[in-house]
Amino acid sequence: MQQLDNQEILMKLKSSKQFWDIKKKIKQGFNDQQKIGVNDIQKFAQSCEIEDQLIKLISHILKKSKKRETLKEDQIEFLNTSKIKWTELLFKNLDIVHQKTKNQEEDDTNTDSKLYIYDEKNLLAFLQTFKQQQHSALYQNVQFQSNKLLNINIPLKSSQQILDKYQYLLLQEELQDEKINKIRKQIENEHLDIELEKIAQTFVPNGERCLLYLKYFEFDHQETILQQNFTKLQKECLNQLFYDELLEIDGHEISEDTFYFVFQEQILTCLKCFIRDKTIKENIRIQLQNGIKKEQTEFQLPITGFFPFKNISKYVAPLCYLSTKIHIIYALFKEFFCRYFCFLHAISSENNSILSLCMQIEEIISTHSPKLFHHLKVIGCDTLKLIIHQLVYCFVGDMDPPHILTIYDQIIGHDSLEILVILCVGFLNKYKSKLLLAKNYENVQQIFQELREDKFQELVQFAYKQ
Amino acid sequence: MSEYFRKYIKKEHYANHYSNLKFKTSFRNCILEAFKRRLWKETEGDDWDIMWAEKEWIHEVLDHTHLQSNQKINHFRNHYELTRKDLMIKNFKRYKKNLEREGKQEEANNYNFFPLTFHLPSEYPIFFEEFKRQSTNSDTKTAWIMKPIGKSQGKGIFIFNKIQQISQWKNTLRYNQDNPQAEAYIVQKYIADPLLIGGKKFDMRIYLLCTSYQPLTLYLYRTGFARFTHHRYDSEDISNTYVHLTNVAIQKTSDNYDEKLGGKWNLQTLKLYLMTKYGQEKVAETFYNIQMLMIRSLQAVQKIIINDKHCFELYGFDILLDAQLKPWLLEVNASPSMTSNTPVDFELKCGLLDDVFTIIDLEKVLTGNEEQIGGFDLICKGNPIKLPINSTFTTYLGAFNNRQQQLKKIAKSTAIRLAQTYQESQTKAIEIGSKGQKEKEEKDKQMRSSSKGPQVMQNGGNGNNKPNNLTKQNTIIKRNTTNLPALGTVQNKNNIKRQPLQNAGQQQQQNQQSQSNSSKKNNPNEDSMLSANQKLQKLTQESKINQFQPYKQQSQYNEVMGMGVVSRNLQKNEE
């Protein structure tokens with residue numbers, strides 16, 4: 001961590017609006033007095049909470065100056081070796097995909113639109129292999145027979161802790177206009193992370209969401225920079241990459257969604273820029289693939305340091321509901337991916353990683369709904385296989401855009417993906433009675449093929465239902 | 001759907017049974033299907049009850065034909081006063097001037113929803129002056145759009161920003177030997193900053209039904225479309241019509257036209273998008289402005305259109321939103337396309353037409369005072385119907401289209417009312433038959449007239465107007481207060497108590513009960529007649545309240561409007 005000296009802190013202070021607001025307030029407080037002592041200011045500051053605000057502001061600046069390092073090594077050794085294996089596997093997939101596209105060019109009649117390097121099922125299947133590995137490694141130890149799909153020794157938060165954390169959502173009530181307007185003003189004037197998080201945790205009014213996100217990511221005064229960066233990337237798109245083709249194919253699914261087909265072109269543009277963005281490698285919070293150069297392969301990892309995967313478009317789509325400006329959509333997507341969504345594709349023992357989230361879900365379902373858990377196991381359709389899609393893609397496509405954005409609010413609000421655990425549990429509980437009647441995997445698929453509509457608040461309710 | 005009417009109303013209770021009705025149309029799309037779904041019979045001759053004609057037919061035939069009193073036709077005689085581009089603008093301008101002359105400046109200022117327009121070639125000199133003024137005043141070149149008056153579906157439209165481009169047009173068309181009557185065009189200032197979604201331009205098609213111009217009676221359909229262009233918008237490139245014109249007819253010819261989705265959003269999705277992006281108030285205001293724009297358009301031609309009780313008209317309004325969310329009227333279509341390009345589209349249009357037919361009411365089962373029929377809301381009857389200021393809604397346009405549930409309710413309450421009047425007429429007949437029981441008859445009459453009092457509007461034929469209006473206003477208030485659980489004035493609170501949110505399901509049950517009651521007590525039995533009558537009246541009153549609940553509940557509204565928080569009561573209800 002890099003330390004700031006006092007001078008630098010003062011510089012940063014002066015660049016924040018709140019600092020000047022505080023100064024103005026103090027000036028007003030001593031309007032008619034001629035001589036002002038340091039003690040007077042201190043007293044005054046204490047009496048009207050200015051001191052508090054200043055402390056918050058300074059700690060905010062300190063926190064911001066601490067740049068988050070990209071996580072490269074995991075504390076659990078075998079996860080590090082697994083990541084290398086995962087990367088190797090993906091390189092193999094890449095070769096196959098490349099071969100397929102070549103064949104397609106020769107034979108136009110056989111167009112296989114399902115070309116991708118990996119999807120959520122591949123990811124889960126890979127995570128599943130850990131179990132056996134650990135077994136063999138700890139062969140001598142006594143292992144309890146477990147029905148869980150994933151049973152790996154990593155430090156986990158207690159699932160009750162997660163349930164408690166989000167319990168307040170149950171009490172969420174419809175707000176009156178007056179209150180909503182108050183929140184609006186708050187968003188406009190607020191600059192502190194903690195306060196913005198608090199708002200995101202409870203309620204973000206439609207129409208202010210974009211501003212809140214931009215402020216939280218500290219983009220609010222950088223529109224021209226964002227625009228310039230984006231234009232630069234767009235120019236780079238003129239050089240075609242092999243991955244462009246995959247992204248185009250990926251866009252087809254989104255084009256069949258009523259809510260998003262309008263944005264297909266914008267989404268594609270965003271993704272093409274994304275895989276060319278050099279700044280992602282340094283901004284992303286966790287390294288997704290271990291980029292070993294392999295001489296046999298024709299292709300290298302994209303400049304981002306990881307492969308584009310199936311349905312990557314889904315992360316961009318809901319953000320199109322926030323702004324008509326594509327550079328803003330891009331900036332928000334990039335930030336969301338680098339801060340949060342990357343964990344959904346990371347082989348890691350971190351709290352937010354797909355591995356932890358999956359294990360949390362299994363833990364909650366197996367303890368709170370053991371009957372369902374067992375039943376799914378018996379019919380050969382494990383709990384995780386059921387919800388992996390919703391989990392990895394944040395329910396995009398399963399809920400209407402405003403509900404998805406509520407999930408995004410919660411992610412920002414708690415700086416965590418744990419809300420997805422709650423929603424997945426709620427999702428399973430919602431369809432519990434139907435699932436218990438299912439006799440095989442086909443039955444289960446039928447249940448989800450039916451027209452259904454899931455809502456954020458509804459799933460939260462179901463998550464806490466006993 | 002009309003099937004609810006067939007299900008609930010007994011054959012003998014119809015004033016005019018549907019199996020007797022005949023239709024005539026040359027259309028072979030959703031219109032035919034919608035007719036058939038009502039189980040009406042097609043006819044080739046002149047014995048039709050309803051005719052869905054092409055507008056050309058009206059011009060040719062209507063003036064020379066005598067229509068029977070029961071016959072209905074889908075155009076007004078001189079609808080072109082509103083639906084021809086040049087005449088519409090002329091009428092708007094004239095009406096605006098009249099308002100100014102009458103000192104109604106404020107209302108006149110509201111006629112600002114059409115772009116600056118000139119008629120060519122007749123107004124060419126004025127246009128030329130304006131063109132010069134505009135191009136010297138602003139740095140960027142103002143674009144203008146030329147539209148041929150007689151054509152539709154985007155044919156012959158082009159955009160220009162240099163006067164040379166138009167002089168070329170002058171040479172080829174106006175003075176062309178083969179084209180002796182110079183083709184009339186209008187030229188409009190092009191709205192250069194349209195709202196773009198996904199980088200694409202779009203316009204809205206909204207349906208308005210006019211059943212009468214005297215008094216002006218308008219029904220607005222909740223569902224419409226947003227039609228997108230398939231290419232990214234570029235204000236620089238004015239030669240590419242794909243970028244600028246949203247007509248399906250034009251977009252279909254584009255290479256990347258998507259068959260499956262038809263490049264359309266329904267109005268609910270559009271509203272959801274706008275709500276998420278701009279917040280509730282701004283969008284509510286915009287949609288209210290759209291509704292007012294439509295009413296004002298018809299008010300402007302109200303005195304010009306020849307009113308005729310045989311005629312009704314379903315207008316397709318084309319409306320564009322600019323980047324400030326201000327609505328602009330592009331044009332009004334007298335025969336909006338009833339051809340569908342997707343299955344969803346097909347169902348929507350059939351439903352729309354079915355509701356039109358229900359409102360036209362050839363079966364003569366409705367009272368004519370219904371606030372909502374299917375997906376249509378009454379927005380004007382003589383005067384615009386104003387919703388209370390503190391209402392959650394400013395308009396039902398783009399709101400959840402609950403037509404199925406609503407039609408079910410209305411069919412039930414109608415069935416009850418018809419059963420009741422049928423009974424009354426039966427008793428009368430019996431009473432007249434047995435003159436000996438004069439005393440009893442008098443008693444009966446007294447009882448009945450006293451119980452009739454509070455529900456004058458039930459009997460449409462009642463000549464007394466004042467109480468009629470009163471009850472109507474009451475129902476309007478009732479309808480809206482159910483959407484306002486939060487803003488509890490005393491009056492509201494009473495209503496909420498009477499109809500708490502979670503009771504929606506119970507009420508339906510109640511309805512069903514009352515329905516079965518009424519059918520049980522239908523057997524004309526002189527002794528129990530009176531009490532049965534009274535019960536029925538009570539039931540109808542109850543069901544009337546239900547009838548005016550446009551939304552199942554607040555949370556349904558949330559659903560459409562995309563608010564994250566959903567009332568839990570409803571979920572309990574649905575489980």
Side-chain angles (χ1 to χ4, degrees), chain A residues 169-181 184 202-210 255-267 269 317-318 320-326 329 399-407 409-410 430 433 453 455-462 465, chain B residues 194-202 226-233 256 258 260-266 268-270 272-283 323 342 344 390 392 485-488 554-555 557-572 574-575:
Chain A
L169 286 173
L170 286 174
L171 305 168
Q172 202 83 298
E173 273 174 18
E174 269 179 50
L175 296 177
Q176 300 197 355
D177 289 354
E178 217 177 295
K179 183 89 206 234
I180 293 174
N181 284 334
R184 285 221 162 99
T202 48
F203 178 78
V204 185
N206 284 324
E208 306 306 312
R209 189 169 275 120
C210 188
S255 74
E256 285 175 18
D257 191 312
T258 342
F259 287 114
Y260 305 121
F261 77 88
V262 179
F263 307 106
Q264 190 188 356
E265 212 179 316
Q266 285 192 335
I267 293 170
T269 314
C320 295
Y321 274 66
L322 291 181
S323 178
T324 47
K325 294 173 187 159
I326 189 164
I329 296 172
M399 293 188 199
D400 291 356
H403 293 274
I404 302 291
L405 292 171
T406 316
I407 303 179
D409 292 345
Q410 288 297 325
K430 184 181 169 187
S433 53
E453 206 191 348
K455 293 175 215 121
F456 178 84
Q457 192 65 25
E458 186 194 19
L459 293 190
V460 171
Q461 302 284 338
F462 271 108
K465 220 172 205 175
Chain B
L195 178 67
L196 304 180
I197 297 181
K200 287 168 184 163
K201 194 182 162 180
F202 70 98
R227 302 176 297 185
F228 289 89
T229 59
H230 283 267
H231 295 260
R232 237 175 318 117
Y233 184 76
N256 46 6
D258 191 338
K260 214 168 179 180
L261 297 157
K264 282 191 219 169
W265 261 0
N266 68 21
Q268 280 74 15
T269 314
L270 176 72
L272 190 125
Y273 170 84
L274 292 174
M275 287 267 191
T276 320
K277 168 94 180 60
Y278 295 96
Q280 193 169 327
E281 293 81 12
K282 187 100 175 84
V283 177
T342 66
V344 180
N390 61 351
T392 321
L487 305 160
Q554 176 79 19
S555 49
Y557 158 77
N558 290 342
E559 227 169 84
V560 180
M561 301 313 147
M563 286 163 66
V565 188
V566 172
S567 151
R568 259 154 279 137
N569 294 332
L570 188 76
Q571 281 153 21
K572 275 179 202 157
E574 279 174 348
E575 271 162 40

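Since this is a predicted model, take the numbers as computed values, not measurements. Convention: sequence-line order gives letters A, B, ...; per-chain numbering from 1.
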Asker: Specify the closest pair of heavy atoms between B/Trp265 and A/Thr258, including all atoms of both residues, with the distance to one decimal.
Answerer: NE1-O, 2.7 Å

Asker: In Å, rounded to the nearest 0.5 Å, how long is the span from CG of A/Asp400 to CD of B/Gln268?
Answerer: 12.0 Å

Asker: Give, as side chain, backbone, both or neither, the part of A/Cys210 having an atom under 4.5 angstrom from any heavy atom of chain B.
Answerer: neither

Asker: Is there a side-chain contact between B/Leu272 and A/Phe259 in this structure, where contact means two heavy atoms from C-beta onward sitting under 4.5 Å apart?
Answerer: yes

Asker: Nearest 0.5 Å, what's the OH-CD1 distance between A/Tyr321 and B/Ile197?
Answerer: 8.5 Å

Asker: Flag the one option from A/Glu208, A/Arg184, A/Lys325, A/Met399 with the top tally of heavy-atom pairs under 4.5 Å to chain B.
Answerer: A/Arg184

Asker: Quick one: closest heavy-atom pair of B/Leu196 and A/Thr324, and the distance?
Answerer: O-CG2, 3.3 Å

Asker: Work out which heavy atom in B/Lys264 is nearest to a heavy atom in A/Phe261; give both atom names and the distance.
Answerer: O-CZ, 3.2 Å

Asker: Is A/Leu405 in contact with chain B via its backbone, its side chain, both, or neither, using a 4.5 Å heavy-atom distance?
Answerer: side chain

